Visitor: 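Could you have a look at this structure, given as structure tokens, before my questions?
All values reported here derive from a predicted model rather than from experimental measurement. Just so you know, these numbers use all the heavy atoms, side chains as well, and skip hydrogens, waters and symmetry mates.
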Amino acid sequence: MLQPQNQQTDAFISTGIAGLDAILAGGLTKDRLYLLEGEPGTGKTTMALQFLVEGARRGERVLYITLAENEVELRAVAQAHGYSLDGVTVHEIISADSVLDPDEQYTVFHPSEVELGETNRLILSKIDQLNPSRVVLDSLSELQLLAGSPLRYRRHVLALKQFFAKRACTALFLDDKTAIGGDQQVRSIAHGVISLQQAESGYGAERRVLRVLKYRGINYRRGPHDYLIVTGGLVVYPRIVASESRALTSRHQVSSGQPALDALLGGGVEEGSSTLISGPPGTGKSSLAMQFVKAVTDSGQRAAMFVFEESLNTLLHRADSIGIDLRQALAGQLLAVSQIDPAEMSPGEFSHAVCTAADAGARVIVIDSLNGYLNAMPEARFLTTQLREVLTYLGQRGVVTFLIGVQQGVIGVMGTSVDVSYLADNVLILRYYEADGAVHKALSVFKKRGSAHETTLRAFSITPQGIRVGAVLKGFRGILTGVPVQLASAKDDAPHE
């Protein structure tokens with residue numbers, strides 16, 4: 001049945017994948033032809049099934065035309081992902097076993113002259129019979145091989161495009177890129193092109209990336225977007241673009257619950273700010289961040305922690321040992337702790353998890369540590385730029401973010417392979433220094449954009465009753481070098497903690 005093609009560019013249909021719909025600025029424009037390309041194993045069939053299952057859920061007539069996999073295999077894929085193909089018509093156009101018989105081989109005609117025409121007839125007759133609103137053709141590689149020449153292949157695909165357009169049908173063509181030199185032909189004809197890519201990693205799971213290469217008339221979200229294939233289908237994580245939600249908001253200060261620490265910070269840290277806590281191992285960086293988490297959750301607000309190096313059990317035991325009770329907040333669902341497995345998580349998935357925590361109401365978010373984040377995904381480029389987008393996104397929602405940065409060395413010149421101090425609004429530095437035959441800790445605020453702050457160095461210690469910010473270290477010079485010189489005027493009453 002012929003129907004007029006949809007002429008609007010704002011009449012979208014859902015792909016059945018929320019993240020992909022967001023990338024496509026609402027979904028796929030109705031009654032157009034789209035190309036979904038990717039090498040074997042990238043998830044094309046799974047995505048195509050999600051597309052059709054979504055149509056069937058909405059009461060549409062949908063059709064899956066397969067030139068390679070049979071219906072049993074397709075239903076097994078659907079069952080593995082936990083959804084039914086009820087309402088989805090599967091039409092097989094697969095060569096019969098007789099092609100293996102030498103007596104059945106063509107001798108006068110080339111196979112393309114016979115099989116391409118028969119394949120076309122079976123495709124068109126089924127579409128005329130069912131009159132579907134969504135069609136998947138799997139895969140173009142079979143048609144390309146049957147066509148025999150690029151010109152004949154292009155004309156064939158163009159004819160199919162016009163055929164679908166006259167029937168007000170949205171068509172999704174799959175291309176596994178196993179045939180040679182054909183995908184550019186269809187890219188130029190298709191209304192939109194979605195590419196699924198898979199890259200091997202040196203260790204852990206491979207990284208899967210989705211790109212929209214073309215979408216006529218739509219301002220879609222460009223660039224690479226991480227995705228996963230999980231039980232249930234594809235999960236796509238749109239790239240974070242903080243500029244899409246910029247807003248001017250008032251900023252209030254968030255207290256740490258420690259008067260001495262708040263005084264050092266000029267009253268606390270501002271909502272929407274990011275704070276880098278930097279120092280060598282063991283100085284108390286994570287403990288300092290946990291103090292803010294406790295203060296926020298004690299006031300009935302939410303917090304979230306993303307931990308790379310520690311397990312949840314270790315984190316809770318360590319918090320207990322220094323008098324910071326996080327268990328009550330965790331039990332009351334005011335605190336969410338995510339233990340990150342870097343070998344299995346892509347940068348896009350991590351960014352999505354952090355931003356989702358903010359959208360769920362977290363007022364304080366801790367990333368412990370930056371070294372774990374950046375070093376866990378060394379093969380992913382532009383992680384620092386991605387981190388900037390995440391921090392901007394969190395800042396626009398008034399979230400207080402703490403980043404833990406581990407510096408190399410213990411005493412003396414500190415070095416680090418991770419420098420994001422220019423991204424953070426505030427920078428707190430923790431240092432070891434040696435004096436009077438013992439190792440002490442010092443804390444200072446080196447940068448704070450939101451308000452005035454103390455520029456002093458203060459004694460810092462971790463006790464069974466919690467963290468302690470002590471007196472100003474007035475009696476020393478050169479504390480940041482690790483081996484300070486005690487001034488003669490203060491030798492008798494130099495403050496230590």
Visitor: Going by atom types only, do Asp425 and Ser273 share a side-chain donor-acceptor pair under 3.5 Å?
Guide: no
Visitor: Side chains of Ser286 and Asp368: is there a donor and an acceptor less than 3.5 Å apart?
Guide: yes
Visitor: Distance only, no hydrogens: is a donor on one side chain within 3.5 Å (strictly under) of an acceptor on the other, for Thr456 and Glu454?
Guide: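 Yes, a side-chain donor-acceptor pair sits under 3.5 Å.
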Visitor: Go through the steps to decide whether Leu49 and Leu85 satisfy the test side-chain contact (heavy atoms from CB on, under 4.5 Å), and finish with yes or no.
Guide: CA-CA 8 Å; Leu49 289 174; Leu85 291 186; 4.0 Å; yes
Visitor: Please answer whether the main-chain N or O of Gly282 pairs with a side-chain N or O of Tyr432 as donor and acceptor at a distance below 3.5 Å.
Guide: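 At least one qualifying donor-acceptor pair exists.
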Visitor: Quickly, which of Val364, Leu312, Leu315 forms a side-chain contact (heavy atoms from CB on, under 4.5 Å) with Met305? Name it, please.
Guide: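 Answer after filtering Val364, Leu312, Leu315: Leu315.
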Visitor: Can you name the nearest heavy-atom pair linking Val293 to Ala303, along with the distance?
Guide: CG1-CB, 4.0 Å
Visitor: Determine whether a donor-acceptor pair (N or O, by modelled atom type, separation under 3.5 Å) exists between the side chain of Arg397 and the backbone of Gly395.
Guide: no
Visitor: State, without any angle test, whether Glu60 and Ser133 hold a side-chain donor-acceptor pair at a distance under 3.5 Å.
Guide: yes
Visitor: Under 3.5 Å, side chain of Gln253 to main-chain N/O of Gly266, donor-acceptor pair present?
Guide: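 Between the backbone of Gly266 and the side chain of Gln253 there is a qualifying donor-acceptor contact (under 3.5 Å).
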Visitor: Nearest heavy-atom pair of Lys44 and Leu196: which atoms, and what distance?
Guide: N-CD1, 3.9 Å
Visitor: Can a donor-acceptor pair be found between the side chains of Lys448 and Ser451 at a distance below 3.5 Å?
Guide: yes
Visitor: Looking at Pro280, is its backbone amide N or carbonyl O close enough to the side chain of Lys285 to form a donor-acceptor pair, meaning the two atoms are under 3.5 Å apart?
Guide: yes
Visitor: Looking at Ala435, is its backbone amide N or carbonyl O close enough to the side chain of His440 to form a donor-acceptor pair, meaning the two atoms are under 3.5 Å apart?
Guide: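 At least one qualifying donor-acceptor pair exists.
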Visitor: Is the side chain of Arg222 donor-acceptor paired with the backbone N or O of Tyr220 at a distance under 3.5 Å, no angle test?
Guide: yes
Visitor: Counting N and O atoms only, with roles assigned by atom type, does the side chain of Glu37 sit under 3.5 Å from a partner on the main chain of Val193, one being a donor and the other an acceptor?
Guide: no
Visitor: Hey, do the aromatic rings of Phe292 and Phe402 have their centres closer than 6.0 Å?
Guide: yes
Visitor: Check for a donor-acceptor pair, side chain of Asn219 on one end and backbone N or O of Ala25 on the other, with a separation under 3.5 Å.
Guide: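 Not at all, since once roles are kept as given, no pair shorter than 3.5 Å links the two residues.
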Visitor: For side-chain contact (heavy atoms from CB on, under 4.5 Å), just list the numbers for Leu234 and Leu228, CA-CA rounded to whole Å, side-chain angles, deciding distance to a tenth of an Å, and then say yes or no.
Guide: CA-CA 6 Å; Leu234 267 69; Leu228 295 177; over 6 Å; no
Visitor: Answer yes if the side chains of Glu71 and Thr66 hold a donor-acceptor pair under 3.5 Å, and no otherwise.
Guide: no
Visitor: For Arg75, is there an ion pair with Glu73 - N to carboxylate O distance below 4.0 angstrom?
Guide: no
Visitor: Counting only heavy atoms not in Arg302, do more than 12 fall under 6.0 Å of its CZ?
Guide: no
Visitor: Measure from NZ or CZ of Arg468 to the centre of the six-membered ring of Phe460, then state whether that distance is under 6.0 Å and the direction lies within 45° of the axis.
Guide: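 No, Arg468 and Phe460 do not form such a contact.
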Visitor: Any donor-acceptor pair under 3.5 Å linking the side-chain atoms of Tyr215 with those of Thr29?
Guide: yes
Visitor: Are the aromatic rings of Phe51 and Tyr34 close, with centres under 6.0 Å apart?
Guide: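 Phe51 vs Tyr34: aromatic centres not under 6.0 Å.
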Visitor: Would you check, one step at a time, whether the test salt bridge (Lys or Arg N to Asp or Glu O under 4.0 Å) holds for Asp226 with Arg208?
Guide: CA-CA 6 Å; Asp226 289 323; Arg208 303 178 188 270; over 6 Å; no
Visitor: Just jot down the side-chain contact (heavy atoms from CB on, under 4.5 Å) partners of Ser84, sequence neighbours excluded, or say none.
Guide: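 Partners of Ser84 under the side-chain contact (heavy atoms from CB on, under 4.5 Å) test: Asp86.
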Visitor: Give the C-alpha distance, both sets of side-chain angles, the deciding distance and a yes or no for side-chain hydrogen bond (donor to acceptor under 3.5 Å, both in side chains) between Gln339 and Ser311.
Guide: CA-CA 6 Å; Gln339 186 178 337; Ser311 66; 5.1 Å; no
Visitor: With distance as the sole test, does Ser14 use its side chain to make a donor-acceptor pair with the main-chain N or O of Gly16 at under 3.5 Å?
Guide: yes
Visitor: Name the residue from Val136, Val135, Ile194 that meets the side-chain contact (heavy atoms from CB on, under 4.5 Å) definition with Leu172.
Guide: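 Testing Leu172 for a side-chain contact (heavy atoms from CB on, under 4.5 Å) against Val136, Val135, Ile194 leaves exactly one candidate, Val136.
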Visitor: Is Arg477 atom CZ crowded by more than 12 heavy atoms from other residues, nucleotides or ligands, each under 6.0 Å away?
Guide: no
Visitor: Looking at Arg327 and Asp320, would you say the former's side chain and the latter's main chain have a donor-acceptor pair under 3.5 Å?
Guide: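 No: the side chain of Arg327 does not pair with the backbone of Asp320.
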Visitor: Check Arg318 with Glu310, please: is the shortest side-chain N to carboxylate O separation under 4.0 Å?
Guide: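 Arg318 and Glu310: salt-bridged.
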